[in-house]
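Report on the following structure.
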There are 2 protein chains.
Amino acid sequence: MAQVGERLIRTLSAKGLRVTEQRRTLVRLFAETSSYLSPKEVYFRLVSTHPGLSYDTVYRNLRLLQDLGVLERYHFDDGVKFRIGCFEDRHHHHHLICLSCSRIVPIDFCPMKHLNVPGEFQIVDHHFDVYGYCGQCRSQEDRGAESMEGLNHSGFERKKPSGKEERLCC
Amino acid sequence: MAQVGERLIRTLSAKGLRVTEQRRTLVRLFAETSSYLSPKEVYFRLVSTHPGLSYDTVYRNLRLLQDLGVLERYHFDDGVKFRIGCFEDRHHHHHLICLSCSRIVPIDFCPMKHLNVPGEFQIVDHHFDVYGYCGQCRSQEDRGAESMEGLNHSGFERKKPSGKEERLCC
DNA sequence: GTAGTTGCAAAAAGTTTGCACGACG
DNA sequence: CGTCGTGCAAACTTTTTGCAACTAC
């Protein structure tokens with residue numbers, strides 16, 4: 001995954017933006033980390049290597065990278081989180097998202113190919129995500145554990161990701 | 001739509017919860033209002049009939065009704081918004097959402113009928129929403145207007161809804 | 001009457017902004 | 001060396017919490 005980070009660094013440079021140590025570390029963090037990171041998590045991960053780092057620098061750079069299309073921002077029940085973009089150099093796809101470990105599995109299936117819309121509605125965008133439990137978490141669960149806690153009535157919210165850091169998409 | 005509000009009031013009562021004037025007005029507001037309302041919007045709508053109303057009462061009741069499954073909470077770019085639940089007494093469906101006027105059009109199509117998932121992944125929930133511009137907004141747009149402003153690079157965020165209040169779903 | 005609810009105030013959490021210093025190119 | 005980025009502080013917004021007074025049942 002290191003080359004992903006390097007490429008993004010070059011993207012920054014090509015846009016005339018300064019490549020500071022903070023930005024380099026930030027990009028590397030997202031290039032190497034699976035799933036989602038909140039601004040707070042990002043801050044605590046960076047502050048260890050950058051004593052004196054401030055929250056506003058984190059926020060500014062997260063926003064910058066989001067505007068650049070490098071990062072994607074999502075809202076979860078426990079706040080805003082970022083993750084490296086999937087649009088970079090892959091074709092359009094969607095995700096299976098594990099509610100237990102936050103692992104993300106890409107699926108090529110796109111519902112828009114099957115959808116007939118009322119003619120007067122002009123489609124601009126769509127969101128499709130599938131939530132559930134991945135094989136690994138299910139087998140762990142078999143050895144006695146919680147099952148669907150962390151899921152509220154609407155199923156919209158997600159349980160906090162555990163510490164696992166395995167990248168399965170992008 | 002008045003009977004929807006009355007039914008929800010009875011739901012409150014049946015759960016042993018007090019039916020206060022604030023709650024009655026709040027439920028009626030959501031029963032009669034289309035699209036989404038932020039806590040702030042809810043507050044300003046209620047404070048006119050309830051002078052002295054406080055924000056925390058709004059927040060507490062929004063959360064209460066969400067926990068009861070009456071309201072659904074969504075995160076948009078400009079913050080959290082609520083809307084009356086669609087699960088009440090309708091079959092499963094999805095939505096076309098107008099990026100201009102926030103109008104919501106139900107569609108019966110569900111992508112899950114067409115999706116083959118990896119066997120080890122246990123599906124619990126899914127989200128599917130289509131964003132675009134409804135026929136009414138498109139025809140207004142024809143008479144010279146903005147087109148896709150309010151949409152960011154990822155298309156995830158939505159433009160602020162205009163003042164229109166026409167309920168097309170639930 | 002009693003328990004649930006409200007309003008008030010304050011605190012907490014999350015995010016943004018202005019400004020002077022510092023560092024990248 | 002000029003410009004952009006950072007750190008600091010403060011402001012701002014959103015949301016939560018403790019508590020006394022109130023009110024629906």
Side-chain angles (χ1 to χ4, degrees), chain A residues 8-29 36-68 70-71 73-82 152 157 160, chain B residues 6 8-27 29 36-68 70-71 73-82 152 157 160:
Chain A
L8 294 179
I9 291 293
R10 284 196 298 274
T11 301
L12 278 181
S13 184
K15 296 256 183 185
L17 298 163
R18 303 274 164 86
V19 179
T20 63
E21 271 309 306
Q22 289 90 332
R23 283 182 180 166
R24 189 184 296 276
T25 314
L26 182 66
V27 166
R28 197 182 303 142
L29 172 63
Y36 303 88
L37 293 172
S38 67
K40 189 187 292 189
E41 288 167 335
V42 171
Y43 172 78
F44 281 112
R45 297 239 194 171
L46 295 197
V47 80
S48 58
T49 49
H50 293 276
L53 178 74
S54 57
Y55 260 105
D56 41 270
T57 297
V58 172
Y59 276 110
R60 277 186 288 230
N61 282 324
L62 286 176
R63 171 174 287 209
L64 176 78
L65 291 173
Q66 184 198 346
D67 290 341
L68 254 49
V70 171
L71 295 183
R73 187 171 70 145
Y74 295 92
H75 290 273
F76 294 118
D77 189 35
D78 52 344
V80 170
K81 299 197 175 187
F82 293 83
N152 74 357
E157 319 293 8
K160 276 206 188 85
Chain B
E6 290 311 313
L8 294 180
I9 291 293
R10 283 196 298 274
T11 301
L12 279 180
S13 183
K15 297 257 182 183
L17 297 164
R18 302 277 162 83
V19 179
T20 63
E21 271 309 306
Q22 290 91 331
R23 283 182 180 164
R24 189 182 296 276
T25 314
L26 182 66
V27 166
L29 172 63
Y36 303 89
L37 292 172
S38 68
K40 189 187 291 188
E41 288 167 334
V42 172
Y43 172 77
F44 280 113
R45 297 237 194 174
L46 294 198
V47 81
S48 60
T49 47
H50 293 276
L53 179 75
S54 58
Y55 260 104
D56 41 85
T57 296
V58 172
Y59 276 109
R60 278 186 287 229
N61 282 324
L62 286 176
R63 169 173 291 210
L64 175 77
L65 292 173
Q66 184 198 347
D67 290 342
L68 253 48
V70 172
L71 295 183
R73 190 170 71 145
Y74 295 91
H75 290 272
F76 293 117
D77 190 34
D78 52 341
V80 170
K81 299 197 177 187
F82 293 82
N152 75 356
E157 320 294 9
K160 278 205 188 88

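Atom set for the values below is all heavy atoms of this structure, side chains included, hydrogens, waters and symmetry mates excluded. In what follows, chains carry the letters A, B, and so on, assigned in the order in which the sequence lines appear, proteins first and then strands, with residues in each chain numbered from 1.
- Not a single donor-acceptor contact under 3.5 angstrom links the side-chain atoms of A:Arg18 to the base of C:dG22.
- Checking side-chain atoms of B:Arg23 against main-chain N and O of B:Arg18 turns up a donor-acceptor pair under 3.5 Å.
- Counting any heavy atom pair closer than 4.0 Å across all strands shown, A:Ser54 reaches a base atom.
- C:dT5 atom P lies 13 Å from atom NZ of B:Lys15, rounded to whole Å.
- The rotation axes computed at either terminus of the helix from C:dG1-D:dC25 to C:dG25-D:dC1 lie 40° apart, taking five pairs at each end and rounding to 10 degrees.
- To the nearest angstrom, C1' of C:dG7 lies 14 Å from CG of B:Leu46.
- The interatomic distance linking B:Leu68 (CG) with C:dT5 (P) rounds to 10 Å, in whole Å.
- By the 30° and 60° cut-offs, the orientation of the rings of B:His75 relative to A:His75 is parallel.
- Here C:dT16 presents its C1' atom at 17 Å from NZ of A:Lys40, a figure rounded to the nearest Å.
- At a cut-off of 3.5 angstrom, counting only N and O atoms as typed in the model, there is a donor on one side and an acceptor on the other between the side-chain of B:Asp56 and the base of C:dA9.
- Residue A:Arg23 is classed as a sugar-phosphate contact, given heavy-atom separations below 4.0 Å to backbone atoms only.
- Rounded to the nearest 0.5 angstrom, B:Leu53 CG and B:Phe44 CZ are separated by 10.5 Å.
- Formation of a donor-acceptor pair under 3.5 Å by the A:Thr25 side chain with backbone atoms of A:Glu21 is found in this model.
- Summarising the geometry, the separation between CD on A:Glu21 and C1' on C:dC24 is reported as 11 Å, rounded to the nearest angstrom.
- Both B:Gly16 and B:Leu53 sit near DNA chain C, but only B:Gly16 has its closest nucleotide nearer the 5' end.
- The shortest side-chain heavy-atom distance between A:Arg45 and A:Val42 does not fall under the 4.5 Å cut-off.
- Both B:Val19 and B:Val80 lie close to DNA chain D; mapped to their nearest nucleotides by heavy-atom distance, the more 5′-ward contact belongs to B:Val80.
- Here C:dT5 presents its C1' atom at 14 Å from CD1 of B:Ile9, a figure rounded to the nearest Å.
- Ring pair B:Tyr55/B:Tyr43 is parallel by interplanar angle, where below 30° counts as parallel and above 60° as perpendicular.
- Looking only at side-chain heavy atoms (C-beta outward), B:Val27 and B:Asn61 stay at 4.5 Å or farther from each other.
- Between the CZ atom of B:Arg60 and the P atom of C:dC8 there is a distance of 11 Å, rounded to whole Å.
- Between A:Leu68 and A:Leu8, the closest side-chain pair of non-hydrogen atoms is not below 4.5 Å.
- In terms of position on DNA chain D, the residue among B:Gly79 and A:Gly52 whose nearest nucleotide sits closer to the 5' end is A:Gly52.
- Extent of DNA chain D lying under 4.0 Å from chain A heavy atoms, first and last nucleotide in 5' to 3' order, is D:dG2 to D:dA9.
- OP1 or OP2 of C:dT16 sits under 4.0 Å from a side-chain N or O of A:Arg63.
- Looking at A:Leu64 and A:Leu17, their side chains come closer than 4.5 Å, going by heavy atoms from C-beta outward.
- Taking the side chain as every heavy atom from C-beta outward, A:Leu46 and A:Gln22 never approach each other to under 4.5 Å.
- Listed nucleotides C:dG25, C:dT5, C:dT6 differ in distance to B:Gln22; the shortest reach to its side chain belongs to C:dT6.
- In this structure, A:Tyr59 does not reach the C:dT16 phosphate: none of its side-chain N or O atoms is under 4.0 Å from OP1 or OP2.
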